[in-house]
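Along the sequence shown, residues are numbered consecutively beginning with 1. Fair warning: this is a prediction, and the values are worked out from it, not measured in the lab.
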Amino acid sequence: MRNDFQKRNNEIVKMKIDEFINKALEKKLLRFLSSMGKYVSDWVSSESKHYWTDATYNLKDSIGSGLYKDGALIKFIGNPASASISTTYIYHKQMYNMSGRNKLMSALQNNHLSNTGKYVLAVFCEAPYGFFLEHGLGPDGIDAGDSSKKGYGWWSEGLVPYINEKFELELKAFENEIKFGK
């Protein structure tokens, strides 16, 4: 009988230790993913000027990150700059009015990442002209990209390599933190 109590007590202690470790690891993981989202915002705030000139700040406002746990948004990581006005633009002879921040918030809230992993950091650019800039497009359509245009490659050659580099550095630090229990 005494061994049964001891065995059960040991199981409870082990369960509580595992729970404590899992919570501590989750906290560190969320901090790590949040820092990656902050790097996105930092790049947009400091480096985007090399790729485009802000007139309304709606493109900057439409770029941000969402941190999801079990498919639910738990944290928004956006840019501090905020557009003062909505932008009106014409695409295929149709006039559109856009607020970058509203588009980003809508995408973050409507994105269902439940099948992609327990924790997900998703990076968004919701302004349609972000795509046009990336591909050097103008009024001539998708096949007429011009790599000499300002803005060309801002996502694929600017933001993504920067985030990959930061991810590798932060991951090494994160692994060391977990390994040495800091």
Given L104, V40, L108, the one that forms side-chain contact (heavy atoms from CB on, under 4.5 Å) with S65
V40
Is the shortest distance from a Lys or Arg side-chain nitrogen in R8 or E11 to a carboxylate oxygen in the other one below 4.0 Å?
yes
Just wondering, do M105 and E126 contact through their side chains at under 4.5 Å, heavy atoms?
no
Note: P161 and S156 closest approach over all heavy atoms is CD-O, 3.2 Å
A side-chain contact here means heavy atoms from C-beta on lying under 4.5 Å apart; do S62 and R101 qualify?
no
Rounded to the nearest 0.5 Å, the NZ atom of K23 sits from the CG atom of D18 at a distance of 12.5 Å
Just checking, any donor-acceptor pair under 3.5 angstrom between side chains of Y39 and E170?
yes
Nearest 0.5 angstrom please: I63 CD1 to S48 OG, how far?
7.0 Å
Sidechain-backbone polar pair: N58 side chain, G100 backbone, donor-acceptor under 3.5 Å:
yes
Under 4.5 Å between side-chain heavy atoms, hopping through other hydrophobics if needed: is there a path connecting L169 to V123?
no
Could you tell me which non-hydrogen atom of I163 sits nearest to which non-hydrogen atom of M36, and how far apart they are?
O-CE, 3.6 Å
Can you find a pair of side-chain heavy atoms, one from F76 and one from L67, that are under 4.5 Å apart?
no
Looking at every non-hydrogen atom in both residues, tell me the closest pair between A122 and F124 and how far apart they are.
CB-CE1, 3.6 Å
Nearest atoms (heavy-atom pairs only) where K60 meets V44
CE-O, 3.3 Å
Please examine the side chains of L33 and V120, heavy atoms only from C-beta on, and report whether any two atoms are closer than 4.5 Å.
no
Gap separating the CD atom of E26 from the CG atom of L30, nearest 0.5 angstrom:
5.0 Å
Out of curiosity, D61 CG to Y57 OH, how far, rounded to the nearest 0.5 Å?
10.5 Å
Is any side-chain heavy atom of E47 closer than 4.5 Å to one of W154?
no
Examine F167 and V160 and state if one hydrophobic cluster contains both, with Ile, Leu, Val, Met, Phe, Trp and Tyr joined whenever side-chain heavy atoms are less than 4.5 Å apart.
yes
Rounded to the nearest 0.5 Å, what's the gap from NZ on K75 to CG on L73? Could you check?
11.0 Å
Does the side chain of K28 come within less than 4.5 Å of F174's, by heavy atoms?
yes
Looking at S41, is its backbone amide N or carbonyl O close enough to the side chain of S45 to form a donor-acceptor pair, meaning the two atoms are under 3.5 Å apart?
yes
Applying a strict under-4.5 Å side-chain criterion to I, L, V, M, F, W and Y, I'd like to know whether I77 and L171 cluster together.
yes
Is the distance from the ring center of Y119 to that of F32 below 6.0 Å?
no
For the residue pair Y51 and W43, is the inter-centroid distance of their aromatic rings smaller than 6.0 Å?
yes
E168 and N164: side chain donor to acceptor below 3.5 Å:
no
Non-hydrogen side-chain atoms of C125 and L59 separated by less than 4.5 Å:
yes
Side chain to side chain contact (heavy atoms under 4.5 Å, CB included) between I21 and I17, worked out
CA-CA 6 Å; I21 290 171; I17 289 172; 3.8 Å; yes
